[in-house]
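Atoms within each ligand, like the ligands themselves, are counted from 1 in listed order.
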Amino acid sequence: MPTLADVVAAIDGLYDPRRAEAWDAVGLVCGDPSADVRRVLFAVDPVSVVADEAISWGADLIVSHHPLFLRPVHAVAATTPKGRLVHRLVSHGIGLHVAHTNADSADPGVSDALATAIGLDGLFPLVPQPTDAVDKLVVFVPEAEAEALLDALSAAGAGVIGDYDRCAWTAAGIGTFRPGAAANPTIGSVGAVERVAETRIEMVMPRARRHAVLGALVAAHPYEEPAYDVYELASLPGHTGLGRIGRLPEPEPLAAFARRVARALPTTAAGVRVAGDPGRPVQTVAVCGGSGDSLFDAVQSADVDAYVTADLRHHPTSEAREAGGPALVDVAHWASEWPWLDDAARRLAAALTEAGTTVDIRVSTTPTDPWTMHVSSEEGSAPER
Ligand SMILES: [Zn+2]
């Protein structure tokens, strides 16, 4: 049986907390890392009905998407709803762990689950995070010493490409130099032009390892003054980041697409709101689970037919429509993030199985959409009966 620390480590492996936005508050909110965990409940919101469900099922941990506390607090007394929730969880031995914007940006993450539920394929990030910064190291070494230097650079962290290590490209050439009066040359003599058969070695290295790799180079290279260059490589779009873009197998009218979205998501009072010509063909679609109007600029330049997200406000929506951008499909915030729960639950189960342990995992089916009723304008103007 895993401890809470084991389960948290598995969740962090799926949803790296370092990928969370700077303003976010992710990670363990309450719970003893040494406690045993038998049952894990996934939910979008850490609210009282979810605590009820966790208590009645006998859960040891709630994994929620939304943080309980986004701003610092100086008390968790049971005099506020959030303080009462903390007390209830602690008194029942239930931990709370948050995977929020780190789950949004992960690959796969919250928007992948939303896009997949809708039926989109070929997903890539709407706002990609850059891959980790990489340098290219070029160094020249006498041919006979090339393999030993390559080993030393590899041991210091250079030459890793995907699942391969000790990757390098080499070429033969002639190095030439003239040692000065104060030099102590390994090859050649002071004042005489020397020509040496050398190997040019090229290797990539994480920028974070620059200091360690160059230290290993100087230590392992036979020359008093090794010649080397370090090039900063362009940052590339990675597979992580906010939102996703994908395609439907066939184009369909916006009205049919909106019904497809409604069917794919759990039922909510407000359902789905649409801005755009109902006959407009839709095939390429951007999605963002949760509040997505902050990504309008990226959506406008992405050349998509529709954008599915939640919490769209009047002014940004109106301005986006005036700019002639894609059709907008606005769903309940809770519903847009709900498909992720099932995906995250399956991935956690697989990660724990791989680690040789197992827990009972359940996805909360308690709706936590705060909107509970919708009256259409037609219904409002009908006579009371
Ligand atoms: Zn959200």
Side-chain angles (χ1 to χ4, degrees), residues 11 14-17 19-29 41-51 53 62-71 81-82 85 96-118 120 123 125-127 129 240-244 261-262 264-273 285-296 298-299 307-313 316-317 328-345 347-348 363-372:
I11 297 169
L14 298 169
Y15 307 109
D16 186 343
R19 296 216 180 274
E21 301 288 313
W23 50 263
D24 204 0
V26 303
L28 200 58
V29 177
L41 180 69
F42 274 80
V44 172
D45 295 295
V47 292
S48 54
V49 288
V50 169
E53 188 178 351
I62 297 171
V63 179
S64 74
H65 181 50
H66 289 145
L68 179 63
F69 300 108
L70 202 49
R71 297 186 188 86
K82 293 186 179 191
L85 192 99
L96 173 63
H97 184 86
V98 172
H100 190 213
T101 52
N102 48 328
D104 288 328
S105 288
D107 174 32
V110 174
S111 291
D112 289 287
L114 171 60
T116 303
I118 293 170
L120 302 175
L123 304 178
L126 172 61
V127 184
Q129 290 176 334
T240 60
L242 295 177
R244 291 294 181 271
V261 172
L265 299 182
T267 303
T268 56
V272 172
R273 294 188 300 175
V285 178
V287 307
C288 177
S291 307
D293 58 16
S294 64
L295 305 187
F296 263 144
V299 170
Y307 179 39
V308 181
T309 188
D311 296 344
L312 291 184
R313 292 170 296 152
T317 305
L328 302 173
V329 178
D330 182 76
V331 303
H333 187 133
W334 166 76
S336 73
E337 295 170 333
W338 192 82
W340 170 73
L341 302 179
D342 208 37
D343 189 62
R347 289 179 196 282
L348 176 62
V363 168
S364 170
T365 51
T366 309
T368 56
D369 181 11
W371 302 106
T372 55

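- Between the CZ atom in F42 and the CG atom in L348 there is a gap of 4.5 Å [rounded to 0.5 Å].
- At most 12 non-hydrogen atoms from other residues, nucleotides or ligands lie less than 6.0 angstrom from CH2 of W338.
- Here the side chain of D330 pairs a donor or acceptor atom with the backbone of L312 at under 3.5 angstrom.
- Sorted by chain and number, the protein atoms of type N, O or S within less than 2.8 Å of the Zn ion (ligand 1) are H66 NE2, H333 NE2, E337 OE1, E337 OE2.
- Not counting sequence neighbours, the partners of T240 by the side chain to side chain contact (heavy atoms under 4.5 Å, CB included) test are R19, D107, Q129.
- For H66, the side-chain hydrogen bond (donor to acceptor under 3.5 Å, both in side chains) partners at least two apart in sequence or on another chain are D45, H333, E337.
- For P367, the side chain to side chain contact (heavy atoms under 4.5 Å, CB included) test picks out W334, with sequence neighbours left out.
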